[in-house]
**Q** 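I'd like to ask you about the structure that follows.
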Number of protein chains: 2
Amino acid sequence: MIRILLADDEHLIRGAMAALLSLEDDLEVVAQAATGAEALATARVVRPDVAVIDLQMPDLDGVSVAQSLALELPSCSTMIVTSHGRPGHLKRALAAGVRGFLPKTVSSDVLATVVRTVHTGGRYVDPALAAEAISAGDSPLTPREADVLELALEGAPIDEIARRASLSPGTVRNYLSSAVGKTGASNRHEAARFARARGWI
Amino acid sequence: MIRILLADDEHLIRGAMAALLSLEDDLEVVAQAATGAEALATARVVRPDVAVIDLQMPDLDGVSVAQSLALELPSCSTMIVTSHGRPGHLKRALAAGVRGFLPKTVSSDVLATVVRTVHTGGRYVDPALAAEAISAGDSPLTPREADVLELALEGAPIDEIARRASLSPGTVRNYLSSAVGKTGASNRHEAARFARARGWI
DNA sequence: GCGACCTCATGACATCTGTCATGGAGAACT
DNA sequence: AGTTCTCCATGACAGATGTCATGAGGTCGC
C-alpha cells in the first residue's frame, strides 16, 4: 500500500483527488494539507511514501516544499501537479528533486500510474510540458538581470526597483536594457512578461 | 434527480468533481466537456438541469458560455466555479445570469448544496468573493479608458496601443494618464495591473 | 598570470511617457 | 437651447526611461 500526502489549497480539488486516488486498491491518502507549510509539518509526522503537491499554494510554492521534503524525508518521493504549466517551474522542480510533474489536465488513470512510478523510483514528466521546456531553452539572463526583471514584473518604476534591489538606478537601467535586448522586447514590461512566460524568472 | 453538465478543461478536476457529485443520491452528472464550445454543444443536446462551469477554459470563458446558455436553455441554471476569484468576473457572471459563483476552495458539501440551491431557483455567491466585489466598488474608468488600459496590460508601447485602438498616440496618453490618476498608480503598467485585479478591465 | 565573464557604477544623450491646457464634435439630460 | 458629459485630438513641457560608452573590481577556468 502506497501512503500518499496530498497538498492543494483548493478543497474541492484536493478532496476530489483524494477520492479518486482512494479508489485504487494499492493507494491510500493518509494526509491532506491546504498550504505549503502545513504540508511540510504533516509530512514530518506522517512520513508518507509519496507527496502529491500543487504548484500554486498561498504560502510556499510546491517547489519549495519539494526541496525541503527532499532534504528531510529522502524516503518520500515528491510529485507536482499544476494548473498552469510553465517551463521554468518544471526546471526548478526537477532541480529540487521532484520525480513527477503533471498538469491537472491529465486523467486520473495517469495520476495513479505516475504515483506508482515515482514510488518505485521512476520519473515522469508530462510530455507536452517537457517539449515546451526544451523549446523554451535556457535562460540567457544573468542572475542579476533576472532579479531586476522580476522586480519589474509588477510595473514598478525604476527608482523603486533600485531601492528594492539595493542598486543604483543607473545599474538597474543597464540590467533592464540588457534584458530587453536579450528578450527582443521593446520595453522592460514586455521583457518581464516574456521572461516570465519562458520560466526564466 | 438533478441532471448536471460539468465543464472544466482540467480532466483531473473534472473527473474528480464528477465523482464527488455522483456520490450524492439526488445528483447525476450526465455530461462533461473540456472546452466552452464543447460545453455549449453538449448542453444543447443533453439539456441538463444545472451547468457547472469552470471560469477559465482554453476557448470561451465560463461567463460567455453562461450567457449563451441563459439564452438558449432558460431551464438550465448555470453556476461557475473558479480557481482565481476576481471581483470583476463575479460582476460579469451575475450580469450574464449566472446563479451560483464559487471558488474551488470550497468543500464538496458546499458544491452539492449550491447545485441544489440554483436548481430550485435560488442564488449563491461565495461570501468572501462577494465581500471582495463590494469592496472593489464600481469601475471609475470610462469605457474608452478601460479599452486602452486593457491594451496596455501586455506592456505594449504607446504607439502600438494607439494603432490597435485606432487612436492617436496623444489621445492614448491622455486616457492612460487619466486612468493612472484614477487608480492611484504611478504608471500605466501598475494601473493596468490594478484595474485587472479589481475586475475593471 | 591572463582572458573572459559578471557585477556594479557613472555620465551623457535621445526618446518615450505622464501631465496639463485647450478645443471641437456629438450624445444625453433639463 | 443650453449645460454637461464623454470622446477624440493637438501641442508643450518635465521627468522617466532606454541606450551607449566607459571603467573598476571580482571570480572562474586554463
Side-chain angles (χ1 to χ4, degrees), chain A residues 88 91-92 95 136-201, chain B residues 88 91-92 95 136-201:
Chain A
K91 262 177 257 179
R92 275 175 54 225
D138 276 338
S139 170
L141 303 173
T142 68
R144 230 34 185 194
E145 284 166 0
D147 287 350
V148 172
L149 203 54
E150 193 159 9
L151 290 171
L153 248 187
E154 289 149 32
I158 288 206
D159 283 347
E160 189 182 326
I161 298 175
R163 263 190 294 108
R164 292 221 266 161
S166 301
L167 291 174
S168 86
T171 305
V172 169
R173 281 194 305 204
N174 280 342
Y175 285 148
L176 290 176
S177 179
S178 158
V180 166
K182 285 175 179 173
T183 54
S186 63
N187 60 49
R188 64 200 155 96
H189 306 283
E190 226 175 81
R193 298 179 66 83
F194 183 86
R196 167 54 63 104
R198 293 281 167 118
W200 294 344
I201 57 175
Chain B
K91 261 177 259 179
R92 274 175 54 226
D138 276 338
S139 171
L141 304 173
T142 67
R144 233 28 187 205
E145 282 166 3
D147 287 351
V148 172
L149 203 53
E150 193 160 9
L151 291 171
L153 248 186
E154 289 149 35
I158 287 205
D159 283 347
E160 190 183 326
I161 298 174
R163 263 190 294 107
R164 291 221 267 160
S166 301
L167 290 175
S168 84
T171 305
V172 168
R173 285 211 306 259
N174 281 340
Y175 284 150
L176 290 175
S177 179
S178 157
V180 166
K182 285 174 180 173
T183 55
S186 63
N187 60 50
R188 65 199 153 94
H189 305 284
E190 229 175 77
R193 298 178 67 83
F194 183 86
R196 169 53 65 104
R198 293 282 169 116
W200 294 344
I201 58 176

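All values below come from the heavy atoms of this structure, side chains included, with hydrogens, waters and symmetry mates left out. In what follows, every chain begins at residue 1, and chains take the letters A, B, ... in the order their sequences are listed.
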**Q** Take B:E145 and B:K182 through the side chain to side chain contact (heavy atoms under 4.5 Å, CB included) test and state the conclusion after the steps.
**A** CA-CA 10 Å; B:E145 282 166 3; B:K182 285 174 180 173; 2.8 Å; yes
**Q** Specify the separation, in whole Å, of atom CD1 of B:I158 and atom P of C:dT19.
**A**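 Those two atoms, CD1 and P, are 10 Å apart.
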**Q** Is any N or O donor-acceptor pair between the side chain of B:N174 and the base of D:dC8 shorter than 3.5 Å?
**A** no
**Q** Could you state the CZ-P distance from A:R173 to C:dC13, rounded to the nearest angstrom?
**A** 14 Å
**Q** Is there a donor-acceptor contact under 3.5 Å from the side chain of A:R193 to the main chain of B:L153?
**A**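 Yes; at least one donor-acceptor contact below 3.5 Å.
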**Q** Send over the distance from A:L167 CG to C:dC6 P, rounded to a whole Å.
**A** 16 Å
**Q** Please state how far atom NZ in A:K182 lies from atom P in C:dC5, giving the value in whole angstrom units.
**A**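 Distance check: A:K182 NZ to C:dC5 P gives 11 Å.
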**Q** Answer with base, sugar-phosphate or nothing: what part of the nucleic acid does B:D159 contact at a heavy-atom distance below 4.0 Å?
**A** nothing
**Q** Roughly how many Å is it from CD in A:E190 to P in C:dT17, rounded to a whole number?
**A**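 Distance, rounded to whole Å: 11 Å.
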**Q** What residues, two or more places apart in sequence or in another chain, satisfy side chain to side chain contact (heavy atoms under 4.5 Å, CB included) together with A:A179?
**A**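 If we apply the side chain to side chain contact (heavy atoms under 4.5 Å, CB included) test to A:A179, skipping adjacent residues, the hits are A:L141, A:L149.
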**Q** Taking only side-chain N and O atoms of A:R188, does any of them lie within less than 4.0 angstrom of OP1 or OP2 on D:dG18?
**A**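 For D:dG18, OP1/OP2 do have a side-chain N/O of A:R188 under 4.0 Å.
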**Q** Output yes when at least one side-chain N/O atom of A:T171 is less than 4.0 Å from OP1 or OP2 of C:dC8, else no.
**A** no
**Q** Kindly say if B:T142 contacts the phosphate of D:dC7, meaning a side-chain N or O under 4.0 Å from OP1 or OP2.
**A**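 Answer yes for this pair, as a side-chain N or O of B:T142 is under 4.0 Å from OP1 or OP2.
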**Q** Does C:dT10 have its OP1 or OP2 closer than 4.0 Å to a side-chain nitrogen or oxygen of A:S168?
**A** yes
**Q** Identify whether the distance between the nearest side-chain nitrogen and carboxylate oxygen of B:R164 and B:E154 falls below 4.0 Å.
**A** yes
**Q** What integer distance in Å separates B:E145:CD from D:dC7:P?
**A**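 Roughly 7 Å, once rounded to whole Å.
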**Q** By side chain to side chain contact (heavy atoms under 4.5 Å, CB included), which residues pair with A:N187, not counting sequence neighbours?
**A**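 Only A:H189, A:E190, B:P157 meet the side chain to side chain contact (heavy atoms under 4.5 Å, CB included) criterion with A:N187.
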**Q** Round to a whole Å and report the spacing from CG of A:L141 to C1' of C:dC6.
**A** 13 Å
**Q** Does A:A156 or B:Y175 map to a spot on DNA chain D nearer the 5' end, using the closest nucleotide for each?
**A**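 Mapping each residue to its closest nucleotide by heavy atoms, the 5'-most match is B:Y175.
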**Q** Roughly, in whole Å, what's the span from CG in A:L176 to C1' in C:dT7?
**A** 15 Å
**Q** Give a yes/no on whether any side-chain N or O of B:S177 is located under 4.0 angstrom from OP1 or OP2 of C:dT19.
**A**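 B:S177 to C:dT19 OP1/OP2: side-chain N or O found under 4.0 Å.
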